[in-house]
Structure formats: C-alpha cells, structure tokens
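Worksheet: the structure to be examined is printed underneath.
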Amino acid sequence: MPEYQTHEHDVLVIGAGGAGLRAAIEASATRVSVGLVCKSLLGKAHTVMAEGGIAAALGNVDDRDNWQVHFSDTMRGGQYVNNWRMAELHAKEAPDRVRELEAWGALFDRTPDGRILQRNFGGHRYPRLAHVGDRTGLEMIRTLQDHGIHMGIDVHMESTVTRLLTENGRVVGAFGYERERGRFTIFRAKAVILATGGIGRAYKITSNSWEYTGDGHTLAYEAGAELIDMEFVQFHPTGMVWPPSVRGILVTEGVRGEGGILTNSQGRRFMFDDIPDAYRAQTASDEDEGWRYTQGDKTARRPPELLTRDHVSRCIVREIKEGRGSPHGGVFLDISWIKQRMSNAAEHIRKKLPSMYHQFKQLADIDITKEPMEVGPTTHYVMGGVRVDAETQMSSVPGLFAAGECAAGINGANRLGGNSLSDLLVFGKRAGEFAAKYAQSTGLGALSAEQVEQAARAALEPFERGAQGEGPYQVQYALQDMMQDLVGIVRKEAEMRAALEGLEKLRERAHRVGVGGHREYNPGWHAALDLPNLLLVSEADPRSAIARRESRGGHFREDYPDKDPTFGKVNLVIRKGQDGRMVVSRVPIPEMPQELRSVVEAMK
Ligand SMILES: Cc1cc2nc3c(=O)[nH]c(=O)nc-3n(C[C@H](O)[C@H](O)[C@H](O)COP(=O)(O)OP(=O)(O)OC[C@H]3O[C@@H](n4cnc5c(N)ncnc54)[C@H](O)[C@@H]3O)c2cc1C
C-alpha cells in the first residue's frame, strides 16, 4: 500500500455542522482523542445558514409548554411514523441543550424579564423557538466552535471523505482527499460519527448549500448500514422565486411566525380554505384570531400559515397550478401588512427579520417592510437517513454512529421547523458520548490495503478519462432537472419509474465523466466525486417512494392521495443487497408504550 498521510484518532467525526461539533465536544470531554473532518472551512457548515431558531420546550413565553406538548407536536407533525423514543428523548433533553449553549456564550434574543425569547413556528403549539433574530445558526456554530476549539479537537478542514474503511464489518477509519492540494488522507479511528447533513443538491430548486450531496448517506450505505425514511423529503413552502439566480434560497418560517400572511393573485388568504382535520381544533377561525396568536395572545389559535410545511407547500402548489400564482410562478408572502396593526412596523420587521430584509433588498430589490415577497416551495431537508439506535446513535454497523440531518428517525414523515437545530444538539451530544464509550472499549482495527487502493483508484478515474470525458456538471444538472420533475412535491408511480430508468442512464454517463488539469483545488474533480453520492440518494428516494403507496407528510402521491393505516405502522428501510442492488423492506414500528400513547391522546 502506498504511503498516504495518516491520522489516528479514537473518535473521528465527519462533518463540522451543529451535530458534528456537538458530538466532537462531547467525545473530547471524555478525554478520548477526537478528529473532525469537514469539506469547507470550520464555521462554514450548512448549520450556519439556519435562521428561525431552536425548538425547545423552555416555557419562557408560554408556561403551558413542556416536553409532552413538544413530543406530541413532533409526532403529529411526523404523522406517527417517527421513532417515538427519539422524539421523546429530543423533547425531554432539548431545553438542557439550549441552556448549555447559553452557558457557553450564545446570545439569544430576550424576553422583557431577561429569559431566552421564543417564537412561533409551524406545527408548534406554543412559541418554542429560541432564536437570535433570524441568524440562529450562525450563533450556534460560533458558540460551539468557540467552545470546541479549546478542547483539543484536531480539525482537518477542506477535506472530503470518500469511503469508510471496515474490518470484518466494523468501521476502522476513513479515506479521503484534501480539497486544496488533492492529496489522499487516511484516518484511522476506533469509532466514526457521520454528521454530514442532507441531500438537497439532488434537486434543482433547493435552499441547501453545495455541501449537501448525500455523502454521509452514501458512506454509510456502502459500509453496510441501513437507511430509513428516504421517501420523506421536505419541500419548504417559502423559497425565493425571483430573480432566477436566487431561486430556492430560503425565506424563513419566522416571517410567518411574526405575522406574515400568504395570498394569491386575487389577494385571497388561501390557507384558510384548506385546514386538515387533525389541526382544525388548533387553528384560528379568522384573520383576527391568527394575528392575536402571533402577538402572544394565549387565548388565540395559530393562523393557518403556521400549519406544517408539507401542507402549506401543497396549498401553494395548488394555487400556482390553478392559475392564481404570482407573476414569477409563486404566491405572495406579506409581512408589510402588519403596518395596519403596528405603528412601528417597519422598524419591528427590520429588527426581527434582519437577514430577510437584507436578502430581499439586495437580491431582489424588494423592501419587505413595504411590499410583499414572491415565494414558492424549495427542497429543504431530508427526513430520511442512517438508521440509528435511539439511545446511542450507533448504526447497524459496529463503530459507526450518525447524528444530525444525515441520521433519521426523529422526524418521521415531516420535520417541524426548529426541530433540526435541537436534534443536532441532543443527538450530537449522544453520538459523541456513546462513540467515545465505544472507542474506550476497543482497539484500532487493521486497515485493508485493498480497500484503500480501491478508494484511491476510484478517486483518480475521472483524470484517466481526462477532459475528453463528459463534464461532471452536465450530469449533475441533468440529475437535478430529473429529480425536480419526476420525484418532487407531487409524485406518481409512472414518473418515479421513469426517474429510475433515467438514473441508469445517468449512472452510465457518470462512469464516462472526465476532468482535466491536476489535483490541486480542482472543483470539476470534486463535482465528479460527488456524483456517485447524488446518484445513490436519488435512487433511494424514489425506490422508497414507490413502495410507500400512500400520502403522508412530505411524501405526496397523486395516485395514492390518502393515508393508508397499514403504512402508518411501518418504516421503509434500504440497504445494499448481496448482489450489490438496493433492497427496500418494510420494518414494523415498535409499539409505543402506554405512557407516551396517553401523552399523544391527551394533546389531540
Ligand atoms: C437556509 C436554511 C435555514 C434553516 N433554518 C433552520 C432553523 O431555523 N431551525 C432548524 O431547526 N433548522 C433549520 N434548517 C435546517 C438545519 O439548518 C440543518 O438541518 C442542520 O443545520 C444540519 O446540520 P448538520 O450538523 O446535520 O449538518 P451541516 O451543518 O450541514 O454540516 C455538515 C458537515 O459535514 C461536512 N461534510 C459533508 N460531507 C462530507 C464529506 N464527504 N467529508 C467530510 N466532511 C463532509 C460538511 O463540510 C459540513 O461540515 C435550515 C436549513 C436551511 C438550508
């Protein structure tokens, strides 16, 4: 085996977003050695983009809130196919994780009496999101980074892992390359935590950053782990639609939480026209009640704009399809109307939504304090990911853990806004703790020269074909167009089967992709190496979606528009079969214990 630079750690964390940083902090607190690898510079992970807040039942703004309400909101939002134990742990532990973040220096917005302020968000019964204006992710990353940097964590920035290394089924390290120099690196580790985020770059219209190419999902799958819930992709209702260069960029739900309303080209507040039965009792009966809710009136119920994201997205699509959309193919989101109710509305909007104000002013020349925005759905989040044990976050592969967006279970069919940042903290901590324990119980495994050589060969193949091969971006764009058209918000079996056929062709094209130049910072090469990951997650999504013959949460099938109780009892699990093909199977969801069932019943 050639001599590649090699690093040794007890625990290797792949990904430096909220989940990876929180895991690395926890593991290093137990005095094991920790390495942290990330594709971008430290501080640039996708978490930095998070806007609206962290969901935690602190009860600071409404003392009726508690873990039971948060738990039942999460289960209802996920339409009961969530891993209930994860949802329980999450609801119980999120408040401590937020307070801990504050103790480490996070400066949250405040209530008048100095406690952490909490805001309304879709699907949360009470104001629950701890926030810092609309820049919560930045504060989270800054705080975790400041705290973690003093804990002796070895950070390997601008490094991409392309393969996990295994010995007799157990994970013993990872293989990757430095993006700047193109040199290969081997990481030996006793335990590995995946915290690589999501898959949004498989779609054309997305709020997700360039890093979201499904790497962790693919690394885990190829190492023998199971994926779960891959049919559940979240399309956030409000992304920018104009100008074309910014299409998909997120418009935080915080706008609606602060009183923003959705209207169609006829000026109608169409969300009042379609309120699902499960939410009718909790939804405002008129505009005045909805407004009072956003202003903290405890006797009022939430406006329909704050229903769950899957539902709001579908209502927007309906308005557009039926010809009542805005000029550029979206609908209107208006926060400026609050000037009818508040004397200092413009100042209030700029204070509560500073990033949104600047985003629209700079990118679309729209002043959101004076005029409505145009918005439409954008691919935002993947509920599916690595199947993990609720307590420890270990996958089905010994020594391999996963946390954050690349892991799955807590969200079921649909994630509530704010539940990701709390997920990162709760399960990042758990992954770090249990990976460290695992590492303390075992030694370093042996590396397989064959695996390393295979990984190196695969990484260099695009250079062998050189600039004569097809460019990687053409294949990536074709994939994104296809996923957007055939596996989007509204799905049909025939279209998804066409997508699977299309994937076969794209895979052949990916095998012919070539890149010119050399290995030093070569973005074309990096894009070529992302392709197998994008192709894999793009296959897992429709394969599960075809098998789920019903509509639930983020997964809506035009050919099966209703929920089917049979599917309410199962998750769909994906793994690599003996013959190398993807296998989908139904796995029963364990029965919820009586005490949790009573919580859910009591909150209905
Ligand atoms: C615009 C926007 C706003 C959002 N707002 C909110 C919000 O207000 N509240 C909320 O709860 N959620 C929000 N979300 C969702 C939330 O931000 C993400 O789900 C969450 O930040 C994911 O965190 P993570 O730690 O799992 O991954 P990330 O923060 O994405 O980190 C992934 C890390 O993995 C690294 N990585 C990936 N692949 C590799 C590889 N092959 N090798 C090495 N490193 C790799 C990356 O470099 C990065 O460091 C928002 C999302 C978006 C897009």
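Remember, it's a predicted structure, so these values are computed and weren't measured experimentally. Just so you know, ligand 1 is whichever comes first in the structure, and atom 1 is the first atom listed for that ligand.
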Do we get R350 above Y357's six-membered ring, with its NZ or CZ under 6.0 Å from the centre and within 45° of the axis?
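Yes, cation above the ring, under 6.0 Å and within 45°.
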
If you look only at distance, which donor and acceptor atoms sit under 3.5 Å apart when one is on a side chain in residues 242-249 and the other is two or more places apart or in another chain?
none

With a 4.0 Å heavy-atom cut-off, what residues sit around ligand 1?
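Ligand 1 pocket, heavy atoms under 4.0 Å: I14, G15, A16, G17, G18, A19, V37, C38, K39, S40, A45, H46, T47, M49, A50, E51, G52, G53, S159, T160, V161, A195, T196, G197, S207, N208, E211, Y212, D215, L250, H380, Y381, G404, E405, R415, G418, N419, S420, L421, L424.
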
Are the charged groups of R457 and E461 less than 4.0 angstrom apart, N to O?
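Not counted as a salt bridge, because no side-chain N and carboxylate O are separated by less than 4.0 Å.
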
With distance as the sole test, does S28 use its side chain to make a donor-acceptor pair with the main-chain N or O of V34 at under 3.5 Å?
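Pair absent, no side-chain N/O of S28 close to backbone of V34.
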
Among R183, K39, R519, salt bridge (charged side-chain N to carboxylate O under 4.0 Å, His left out) partner for E178
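By the salt bridge (charged side-chain N to carboxylate O under 4.0 Å, His left out) criterion, E178 pairs with just one of R183, K39, R519: R183.
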
Quick one: which of T162, T196, N533 gives a side-chain hydrogen bond (donor to acceptor under 3.5 Å, both in side chains) with D215?
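Considering T162, T196, N533, a side-chain hydrogen bond (donor to acceptor under 3.5 Å, both in side chains) with D215 is found only for N533.
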
